[in-house]
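Okay, structure first, notes after.
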There are 2 protein chains.
Amino acid sequence: MSKSAAKRLLPKVPDLPGASRRQQYSQSTKRALVEAALEQFSERGYAATSLDAIVAQAAVTKGALYHHFTGKQALFEAVFERIESEAAADIAASVKGVKDPWEKSLVGLRAFLEVVQQPTYRRIVMQEGPAVLGYERFREQEERTSFAIVLDVVHGVLATGAWELDQPMVETFSRIFFGALASAGESVSGAEDAEAASARVEAAIGFLLLGLRKLIDDGVAFADPVGDKS
Amino acid sequence: MSKSAAKRLLPKVPDLPGASRRQQYSQSTKRALVEAALEQFSERGYAATSLDAIVAQAAVTKGALYHHFTGKQALFEAVFERIESEAAADIAASVKGVKDPWEKSLVGLRAFLEVVQQPTYRRIVMQEGPAVLGYERFREQEERTSFAIVLDVVHGVLATGAWELDQPMVETFSRIFFGALASAGESVSGAEDAEAASARVEAAIGFLLLGLRKLIDDGVAFADPVGDKS
DNA sequence: TCACTCACATACCGTTGGTACGTACTCACA
DNA sequence: TGTGAGTACGTACCAACGGTATGTGAGTGA
């Protein structure tokens, strides 16, 4: 056995023009690790994926992994953040130009149902996410991405009412819709006819939104059990 | 070291009067294993609890564990089923006598919010469940317990409408409400003031149900995008 | 060019889930 | 009341895994 056999295969072309060669190489291996982990985690799941398999696919060793990340969970978190931010960007882009709150909610709903049908998003974010990160960290991540969009949309819808809701009450409504979307999304991606299932979800949530709108348009008051309503 | 030191401490009193002593002892150790696992899993989580810790608390060895269960996951599944069935029984009992579908939904909502505040249920069923069992097996379990109740309640509510919905459409509505309940429940159990959070959730979902009722009472038609409506 | 540092590679460790096998106890049947 | 068989475990062990300590060569700034 020679000193060190066949390592350092040629890295990607420099993608950070302002950085030194060392930094470019470093970023390259880090990206390779995240991509390999993303593939393995989404295929086999977190627990069933070994670090050896990840570093083998990334063509590095565990030394490199532990140089860039503090451990397996941190690597997962990097994967999670990437998937989540991409998905949130997709949804945010779709509702970008829409002005009317009710139409905005429907457009956002469709975009979310699109995202949640991606196997990778489903597995990494919705399935493994809460268990691997712990519910607290999972929620912190979502708070800044997907949930923030839902919060924005729901706030817009509820603001069409004559009465005002305080922040906790808007968040409660958003949590409810967020959970509904998540569960509905899972049922869509798990269905044999995803097209039909997606249409059903859209119709059902649309109907709920219609009911909400009717209450608001008819001037039905919402009784906040906690907040002080002036 | 003597041959076998201090084993076989006196088991529980016979709890299966019709069974033989062997079967009683066997059931006793099996129950001890499930109870120890329940405690450990709900405190430390699935991945962080070792089988050694479980068998130590149950005062048996791994031989006993692998005699009764095929592995760690099967043991978790036993714990899961127990928690789930107890919770479902609680909720089912609360909505038992209620006739009016709308009141039934509100009563069931309160019962579910009660259940979901139990740390054990939250951790075992909602957090670790999907990841450990896999989403498919998780869903199979829920299908027979909690979700079945939601399905029943939602079916009752939707049946007050003039139009009829086919089974997939009712299931879609139920999935949506189930997800909403789950997410809302988590936000309740994670809140610092659980009382206020619970009241908010109840008000919000109650408002959504009120909107649904208004649509139905006003005779607004629901357009099923898939099912053939005669 | 030369010391220094960063980005890894290598070798190793403790713990874990799981297995193979031995053994004490129970129970039907003589 | 023995006695063989089978059950219900206990004991010893293994392979695989996540993680760590340490070595090392290429890249960088002087």
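So you know, we letter chains A, B, ... as the sequences are listed, proteins then strands, and number each from 1.
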Taking 4.0 angstrom as the limit, do [X] and [Y] come out as a salt bridge?
X	Y	answer
R123(A)	E39(A)	no
E86(B)	R82(B)	yes
E77(A)	R137(A)	yes
E186(B)	R122(B)	no
E140(B)	R144(B)	no

Starting at [atom1] of [X] and ending at [atom2] of [N], how long is that distance when rounded to a whole Å?
X	N	atom1	atom2	result
R22(A)	dG25(D)	CZ	P	15 Å
F69(B)	dC9(D)	CZ	P	11 Å
F76(B)	dG17(C)	CZ	P	14 Å
L65(A)	dG18(D)	CG	P	10 Å
Y66(A)	dT22(D)	OH	P	17 Å
Q23(B)	dA8(D)	CD	P	8 Å
R31(A)	dA7(C)	CZ	P	17 Å

Counting heavy atoms from C-beta on, name the nucleotide in [options] closest to the side chain of [X].
X	options	value
H67(A)	dG27(D), dG17(C), dA7(C)	dA7(C)
A64(A)	dG10(D), dT28(D), dA9(C)	dA9(C)
Y25(B)	dT28(D), dT26(C), dA9(C)	dT26(C)
H68(B)	dG27(D), dC9(D), dG19(D)	dC9(D)

Check each residue of residues 38-54 of chain A for a non-hydrogen atom within less than 4.0 Å of any atom in DNA chain C, then write out the ones that pass by number, or none.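 Heavy-atom contacts with DNA chain C come from no residue of residues 38-54 of chain A; none.
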Kindly say if T29(A) contacts the phosphate of dC8(C), meaning a side-chain N or O under 4.0 Å from OP1 or OP2.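 Answer yes for this pair, as a side-chain N or O of T29(A) is under 4.0 Å from OP1 or OP2.
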With a cut-off of less than 4.0 Å, is there a side-chain N or O of T61(B) near OP1 or OP2 of dT11(D)?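 No.
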Looking for any heavy atom pair under 4.0 Å, which part of the strands does [X] touch: base, sugar-phosphate only, or nothing?
X	answer
G63(B)	base
R21(A)	sugar-phosphate
S26(A)	sugar-phosphate

hbond_proxy K62(B) side chain to dG10(D) base (donor-acceptor, 3.5 Å cutoff):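 No, the side chain and the base share no sub-3.5 Å donor-acceptor pair.
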With a 3.5 Å cut-off and just heavy-atom distances, do the side chain of K72(A) and the base of dG19(D) make a donor-acceptor pair? no
Would you say that I149(A) contacts F112(A) through its side chain, given a criterion of any heavy-atom pair below 4.5 Å between the two side chains? no
Could you work out, with side-chain contact (heavy atoms from CB on, under 4.5 Å) as the rule, every residue matching A180(A), not counting sequence neighbours? I176(B), A180(B)
When the nearest nucleotide of DNA chain D is assigned to V60(B) and to G71(A) on a heavy-atom basis, which residue is associated with the more 5' position?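 Nearest nucleotide further toward 5': that of V60(B).
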Qualifying ring-ring contact (aromatic ring centres under 6.0 Å, His included) pairs with a residue from residues 56-77 of chain B, counting only residues at least two apart or across chains: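 Matches after skipping sequence neighbours: F41(B)-F76(B), Y46(B)-F76(B).
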